[in-house]
Structure formats: structure tokens, C-alpha cells
Amino acid sequence: MLSCQSGAKVAESAAAPLANPYENVPVFDADSAFGYIAAQLDFGPRVPGTEGHRRCGEYIIASMSALADTVVTQKAEVTAYTGDKLPITNIIARFNRGAKERVLILAHWDTRPWADADGNKANRNRPIPGANDGGSGVAVMMELARHLQGEALPVGVDLLFVDAEDYGDSDGFGDTSATWCLGTQYFAEQLPYTPETMPKYGICLDMVGGAGAVFHRDYVSHRAAGGVLDRVWSVAAAGGYGDRFVNELGGSIVDDHLYINRAGIPCIDIVEHQSRATGGFPATWHTLNDNLENIDRASLKAVGQTLLNLLYSERGE
């Protein structure tokens, strides 16, 4: 999922603080977001086709139905690179439905069926808990939803919970990018927008809750949606999170944003892919250690508050 790391500095102006201090923006509750991760883990691994996956999907749909203007689901069967047939459900929760301009925020809610990066070989055929990889992005969006409910936002917001992101081939031989992000590929094929209603940009959240997480500007985002990247990183700096949103180029990431960009929506990825400890993905990535003990409320706060600051500072039309 990661290649071509550069570490190149980006022009400092891209992350220059904005004048708006966001005093009137709601406060993102990291404890609440942490609770949403715990709730997901209570269902067990959320591998497509399992009971835990089914129950967690019902939980997300019920939670969003209580908050959003509308909730739409896309149900399908996709085929994994293994030949496995996977029942998937994409969930779209829409807020401020009548707004002319919309923003798309997405995260995958499924979990990896194998802990293939675990240091203990005996664990590598076991499914990961997915607290960070899957759970954290979903939790940030669910906490956002609490604040977006009934608010007079300057833009409309669509929260997209995508399925079957993490069933891909990680053996590293050849181009395996098409084996990942199966739910988002389906979403892009069945895009629920007209040219007039397309979101003006998108933000993908993945592994945003790790201990001491830092987020570099990934190369796909930089090339496909550089203006969006500049805007988000500037808002982060203005909100006091410049130490978390690092103003350097990272690697080229195969993630859900890749297919959102291909569908015509400029989309960036907020993902920890140059961990200070590993130089790549967090040490818990695709291991059984991706559990609640390794979730950092401060990381959730940095991402969630930055998104609230961004959404409430949009001008809209």
C-alpha cells in the first residue's frame, strides 16, 4: 500500500496559519470518539461476511439514521483477489442535504482478515482487531456527525463509510492496487451524484488514532488534489496542530482516495504512513496489536478538530 517515499519539504506557505482562530467552532470530543472505537471493537473483527461485520454495519446505519438528514446504503457482492465473494455495504450519511456545495469525508469500516504483518507468525492468519486501521476513521466521522446534526452549515457534508478496503494483496509482487478498496471502487462505479451535485472535494481518513500519530502529505493527494491538501494542512496549523500535520511529502499511498480522485472528486488522504517509530505505517499495522490500548485520544482530537474547523470555515454558496 505504500511506495515512493520522498520526505521532500513543501513550500512553507502551504501550511501558513490562517487568521481565523475558530473560536466559534464546536469542540471535538476525543473521549466520545474513543468510545466509538470501543463500540466497534465490541463486535469483534469486521471482516466482510462475518457476524461481527453485519452487526457493526447495522450499528453504523442506526447511529447515522438518528443524526443525518438521510442515510443511503449501497449493497453488493464483490470478488476479492483470493476468489472470495464478499457481501459489502457502503453507507452514506448526508447532512445539510439542500446545500449547493458539498464535502465528502470517508473512511473504511471493515477490518483486515489476516494479521499478516504480525511479528508472531502464529498470529498471521488471525483477523486484526482494527482499532486504528478501520476503527479510528469511523469513530472520527461518528463524532463529527454529532456536531453536524441540525447545524446550519455553510456546506453540505456526506459521510461515506466504505467497505472491503482491507482485503487486498500485500505480497508486494506487481501492481496489486486494484485488489484494495473494493467498496470504494464500487462506489465510484455507482457514483450517487450528478455533475451538478458532485462534492467539491473529499477527505479520506485512515489510521488517524495511533499513539503520537503524525500525518505527512501523501504523494497521490499532492498530485491529484494539492489545493485541498494545502487548505487542510493550513487549517491544521492555524488550529495548533502543525506538529501533527507535517509539511513534508510522504509516500504514494494506495487507499480509498485513489478511486475517489479517479471518479472526478479531488480527494486527499489523512493517514499515518511515515511513523516516527517505523518510517512507514504504524507498528500496529496489520497486527493483533491494533487494539484499543494503542489508541491515542490526542491523535483523534487533532484530526477531528481540524475537520470541524475546516467545515465551519467553509464559505459555501
Side-chain angles (χ1 to χ4, degrees), residues 21-46 56 59-60 63-64 67 93 105-112 128-149 157 159 161 166 203-216 232-233 235-246 255 268-278 280-312:
Y22 312 119
E23 290 115 334
N24 298 318
V25 174
V27 175
F28 185 88
D29 188 338
D31 288 331
S32 177
F34 186 89
Y36 285 128
I37 298 178
Q40 292 172 77
L41 266 62
D42 283 345
F43 298 112
R46 283 84 68 205
C56 187
Y59 163 71
I60 294 172
S63 298
M64 291 301 99
L67 299 172
I105 300 176
L106 66 148
H108 74 91
W109 66 275
D110 65 301
T111 53
R112 182 82 170 154
I128 69 168
N132 192 24
D133 192 359
S136 64
V138 168
V140 168
M141 294 203 308
M142 293 181 77
E143 175 60 14
L144 287 178
R146 287 201 317 111
H147 297 290
L148 301 179
Q149 178 191 21
V157 179
L159 300 181
F161 302 81
D166 227 351
I203 300 173
C204 178
L205 308 178
D206 199 353
M207 293 186 285
V208 294
V214 294
F215 310 104
H216 290 71
V232 174
W233 259 241
V235 169
Y241 300 109
D243 59 331
R244 295 287 193 147
F245 287 75
V246 179
D255 207 348
I268 69 166
D269 202 8
I270 301 177
V271 55
E272 185 176 19
H273 66 284
Q274 276 195 282
S275 164
R276 289 171 176 145
T278 68
F281 291 127
T284 60
W285 178 70
H286 290 182
T287 75
L288 296 190
N289 289 324
D290 187 4
N291 55 37
L292 207 57
E293 293 179 3
N294 289 308
I295 292 296
D296 184 352
R297 288 173 173 83
S299 299
L300 298 172
K301 173 71 174 180
V303 174
Q305 192 63 58
T306 294
L307 291 176
L308 282 176
N309 291 348
L310 174 75
L311 294 173
Y312 279 82

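A quick note: this is a predicted structure, and the numbers were derived from the prediction, not measured. The residues of the chain are indexed from 1 along the displayed sequence.
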Quick one: CG on L310 to CH2 on W233, what's the gap to the nearest 0.5 Å?
11.5 Å
Here the gap from D166 atom CG to I128 atom CD1, rounded to the nearest 0.5 Å, amounts to 5.5 Å
Would you compute the distance between atom OG of S299 and atom OH of Y241 and round it to the nearest 0.5 angstrom?
11.0 Å
Under the 3.5 angstrom rule, does the side chain of N289 hit a backbone N or O of T284 as a donor-acceptor pair?
no
Atom of R276, atom of G212 and distance for their closest heavy-atom approach
NH1-O, 4.0 Å
Should I203 and L205 count as side-chain neighbours, where that means a heavy-atom distance under 4.5 Å?
yes
When rounded to the nearest 0.5 angstrom, what distance separates CZ in F28 from CG in L307?
8.0 Å
Using a 4.5 Å cut-off on heavy atoms from C-beta on, say whether the side chain of H286 contacts that of F281.
no
Residue that, paired with D133, satisfies side chain to side chain contact (heavy atoms under 4.5 Å, CB included) out of V271, D206, T287:
D206
After noting the C-alpha distance and the side-chain angles of F215 and D269, does the key distance pass the side chain to side chain contact (heavy atoms under 4.5 Å, CB included) rule?
CA-CA 9 Å; F215 310 104; D269 202 8; over 6 Å; no
Do V157 and L144 touch side chain to side chain, with heavy atoms closer than 4.5 Å?
no
Looking at side-chain heavy atoms only, is the closest gap between I105 and V140 below 4.5 Å?
no
Would you find a donor on one side and an acceptor on the other, under 3.5 Å apart, between the side chain of Q149 and the backbone of A145?
no
Side chains of D29 and R146: closer than 4.5 Å at any heavy-atom pair?
yes
Where the side chain of Q305 meets the backbone of P26, is there a donor-acceptor pair that is under 3.5 Å apart?
yes
When rounded to the nearest 0.5 Å, the distance separating CE of M142 from CD1 of I37 is 11.0 Å
Taking S136 for the side chain and V208 for the main chain, is one N or O donor matched with an acceptor at less than 3.5 Å?
yes
Quick one: closest heavy-atom pair of V27 and L308, and the distance?
C-CD1, 4.3 Å
Is there a donor-acceptor contact under 3.5 Å from the side chain of R297 to the main chain of I295?
no
Using every non-hydrogen atom in the two residues, find where R244 and A213 come nearest and quote the distance to one decimal.
NH1-O, 2.8 Å
Given side chain to side chain contact (heavy atoms under 4.5 Å, CB included), test V138 with F161 step by step and report yes or no.
CA-CA 7 Å; V138 168; F161 302 81; 3.9 Å; yes
Mind checking the CG-NE2 spacing from L311 to H147? Nearest 0.5 Å is all I need.
11.5 Å
Does W285 offer a backbone N or O that forms a donor-acceptor pair with the side chain of N132 under 3.5 Å?
no
For A107 and G137, work out which heavy atoms get closest and say how close.
CB-C, 3.7 Å
Give a yes or no answer on whether the side chain of E272 reaches the backbone of M207 with a donor-acceptor pair at less than 3.5 Å.
no
Ring-plane angle category for H273 and H216, please: parallel below 30°, perpendicular beyond 60°, tilted otherwise.
perpendicular
Evaluate the side-chain proximity of P129 to L288: yes if any heavy-atom separation is below 4.5 Å, no if none is.
yes
When you compare the side chain of M141 with that of L148, does any pair of heavy atoms fall below 4.5 Å?
no
So does R112 get a backbone contact from the side chain of R46, meaning a donor-acceptor N/O pair under 3.5 Å?
no
Taking all non-hydrogen atoms of both residues into account, name the closest pair between G135 and Q40 and its distance.
O-NE2, 3.0 Å
